[in-house]
Asks: 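One structure coming up, written as structure tokens, with questions to follow.
Residue numbers start from 1 in every chain, and the chains themselves are labelled A, B, ... in the order their sequence lines are given, proteins ahead of strands.
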Amino acid sequence: MCLGVPGKVLAIDGMSATVDFFGVRKELRLDIVDEPVSVGDYVLNHVGFAIRRIPPDEVQETLALFDQILDVSGAKADLMAADVRGEIAAAKHKE
Amino acid sequence: MEKPAARIGLKHGSGGRAMRQLIEDVFLTLASPVDGIGLSALDDGAAIRVGDRWLVITTDSHVVHPIFFPGGDIGRLSVSGTVNDLAMMGATEPLGLTCAVVLEEGFPRADLERVVASMRETAREANAPIVTGDTKVMGKGEVDGIVLNTTGVALAERVVSDAGLRAGDLVIVTGTIGDHGMAIMSRRHDLRLEGDLCSDVAPLNGLVREALRAGGEDVVAMKDPTRGGVAGVLHEMAAKGKVGIVIDETALPVRDEVRAAGEMIGIDPLLVANEGKAVIGVRARSADKVLAALRAHPLGASATVIATAIGERPGAVILDTGFGKRMLAEPEGELLPRIC
Amino acid sequence: MAAKDLFQELKFRDPVRARALSEAIGHEVAALGRRVSVMHVCGSHEQAIARFGLRAVLPPDLELIMGPGCPVCVTDGPEVDEAVALAVQGARVCTYGDMLRLPGTARSLADAQAEGAKVDVVYSVSQALELAEKHPEDEVVFLGSGFETTAVATAAVALASPPRNFSILSVHKYVPAAMNVVAESPETNIEGYIAAGHAAIITGWGIFEPFAARTGKPVVVAGFEPLDILAAILKLTELMRAGKPEVANVYPRCVTKEGNLAAQRSLWKVFRPVTGRWRGIAEVRDGNLDLTAEFAHLDARKRFRIDTAPVRDDEAEEAAKGCICGSIMLGLANPGDCALFGKTCVPESPVGACMVSSEGQCRIWHTYGGVPDLRKVGT
């Protein structure tokens, strides 16, 4: 339904920001995003608008979450399921 | 039953199914038997037996917007395109190229001179002399800026078709995919993508010469993945060789910026045009030799094996994503940026 | 640095972790002890699922159904006719690339363009605005498609006092309505829903709570990387097994409970939900987003007399009523059951949403003669 790609804010000029998407830069409008955006932040692009500021620690937390859930070494499928359940629940509680 | 469209649409020129259908329905009526590879083979060019050698002929008309783009221009494109089509047939030493140009009234002379300088430079790089030409000017609005046609001829000892794959063969791509089309697209549709996207347009005859020298008879199929991209070429190779082809997606060489641009506008780099890459089918026993030869050449540094031909599902192209497998659809129509 | 950032994204694509998640899903489905169907309602989820071949790693007893989640595919023929009519009448129609080849009852915007109409593909509604500023002599009509995620961008432009020659032809759709239409079908056997993460950025995951309570089915909001989707399916099967009709959010890096309140205010200032037909599916209550009275001056339907008669094909429109996309999407019918399939409904001139979408059931059946089983190919 909606393509969204995260990129890093390089510069801000009023309601518009220059955002780097892994080597491709594009101007995005900041009309929709509901938090103050600063240089260095990650934002999600949809049709040339930033629709969400992704706090960097949340990127890290999701990654850590997945790492923790899926620490494959020696884990059996049912143990894994329990871990995944716990972690997904934890993610929900963080809201 | 599908009725053919009453009018020609852009999809009929975009290298996919619609274009193939149009060629089969309309242009193949021109085909007549030749001693060698003729029109009916729908290869990159023709090969006509002359004594114990082959005269390879190919022709290509070029239109591109914008005519100057990151990494090249229409002049470099027109010379490279024809040199590459010759090379894909195994003819790496062009005897001569023609240059026919149709200009729109009002076209800036400085731009024309710049395009021609670029042709001269590229022809020198490919060691392909431009030997004759033609010029037409049409009224304003009757043609869009400039159309360049080049035709090339060369002699070859052995012709490589695009139909030679059989089960067990490996498929190599000579470098990163999608660079040209993504660079063009970033300048079209007013996408305003800035940065490192850069066309790969280059004459490949030197690179292909090295592959043929290393692989000899074991180089069994070659094609340059222009319109329709690597996906289009593999569909053709699978259909003509009557094999299935399984692509290892994790092995595909794609630049970060091409991947990112592709995700932003919803376009798979496998479908995007290249102008400086070849897809080469080799017998498995010679794959390492051919790869080493390619990688030793500056244009082939990131050459890699991307796919395997199999006996099952002849004509199908299957993408192994590392998670599971899926059918890769044949490209169709002009690529458009998507929002969803 | 760019490479490192990309690598971080790619971690959501780690096949080893994906296998572990799929094993855990297998465990949950085995514990459920029966065949279960879950549905996602998002074209981008389907693209990710198809692109990465994720169905191949799900247990055979779990059916993952693609719901009416592609806002372009469900845009109805007569809606496209309006845009084609405006283009033929001389307006400059700007729209997203997805919409160009979408057929009306007789013609698409691409056809109109080939016949000389002014049609521009834009990546952003703000480009349409710029075209209006650059071409004061043209009436620039933006054909706005997409779900609420995309509609908020249209709303932002509407709120920014666009020039007088700019107007909007809205065919925007609303996600919660799509889920209602599925859940309210008496024959549905869907036991859980995966909700679209990017739409939920705007509306918040809380919007699905009344739905879960009313239908008694769990909803999980998911992101778009393979691990996001697999984690969501796992969470969903777990809620199903526990019999908990709750809403869970496994896309916390982007989605909050409340969503983007400012964007919601803009959205509902500019748009209001109205009932309309979705291609091949049904009348969908509150499924379309129309401009509000306050923005009537920007509404192309109010500003112009749109005469679709010259571009419309009433016979085709009548025949399209035989389309059974709705049942196919609910998993109640196969493309082969449809009288139109492969005859009047083909990829080049699709009738229903399932043939329009490159990942649609009908398209896949038509291209490959059924759903190909590739698990053992080339091994």
Asks: Find the one option among Ala153(C), Ser124(C), Cys73(C) whose heavy-atom pairs under 4.5 Å with chain A are most numerous.
Replies: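 Option with the greatest count: Ala153(C).
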
Asks: Under the criterion side chain to side chain contact (heavy atoms under 4.5 Å, CB included), I'd like the reasoning laid out for Tyr42(A) against Arg253(C): C-alpha separation, chi angles, the key distance, then a yes or no.
Replies: CA-CA 11 Å; Tyr42(A) 281 85; Arg253(C) 66 186 185 277; over 6 Å; no

Asks: Would you name the heavy atoms of Ser126(C) and Arg29(A) that are closest together and state the gap between them?
Replies: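 The answer is OG-CG, 4.4 Å.
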
Asks: Counting only non-hydrogen atoms closer than 4.5 Å, does Leu44(A) touch chain C with its backbone (N, CA, C, O), its side chain (CB onward), both, or neither?
Replies: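 When you check distances to chain C, only side chain atoms of Leu44(A) fall under 4.5 Å.
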
Asks: Does Ala177(C) have any side-chain contact (heavy atoms from CB on, under 4.5 Å) partners at least two apart in sequence or in another chain, and if so, which?
Replies: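 In terms of side-chain contact (heavy atoms from CB on, under 4.5 Å), with neighbours along the sequence ignored, Ala177(C) is linked to Val284(C).
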
Asks: Under 4.5 Å from any heavy atom of chain A, what part of Leu261(C) do you find: side chain, backbone, both or neither?
Replies: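 Contact with chain A: backbone only.
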
Asks: Ala178(C): what forms a side-chain contact (heavy atoms from CB on, under 4.5 Å) with it, not counting sequence neighbours?
Replies: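 side-chain contact (heavy atoms from CB on, under 4.5 Å) check on Ala178(C) returns Val41(C), Pro68(C), Trp278(C).
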
Asks: What pair of heavy atoms forms the shortest contact from Asp34(A) to Gly259(C), and how long is it?
Replies: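 That closest heavy-atom pairing would be OD2-O, 3.9 Å.
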
Asks: Apply the side chain to side chain contact (heavy atoms under 4.5 Å, CB included) test between Arg52(A) and each candidate in Thr256(C), Thr149(C), Ile202(C); give the one that qualifies.
Replies: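 Exactly one option meets the side chain to side chain contact (heavy atoms under 4.5 Å, CB included) with Arg52(A), and it is Thr256(C).
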
Asks: So among Ile32(A), Val47(A), Asp31(A), which one has a side chain to side chain contact (heavy atoms under 4.5 Å, CB included) with Val152(C)?
Replies: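 When Ile32(A), Val47(A), Asp31(A) are each tested with Val152(C), the side chain to side chain contact (heavy atoms under 4.5 Å, CB included) holds only for Ile32(A).
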
Asks: If I measure from the heavy atoms of chain A, does Val220(C) come under 4.5 Å with its side chain, its backbone, both, or neither?
Replies: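 For Val220(C), no heavy atom lies under 4.5 Å from chain A.
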
Asks: Between Phe49(A) and Ala156(C), what is the shortest heavy-atom contact and its length?
Replies: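 Closest approach of Phe49(A) to Ala156(C), heavy atoms only: CE2-CB, 4.0 Å.
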
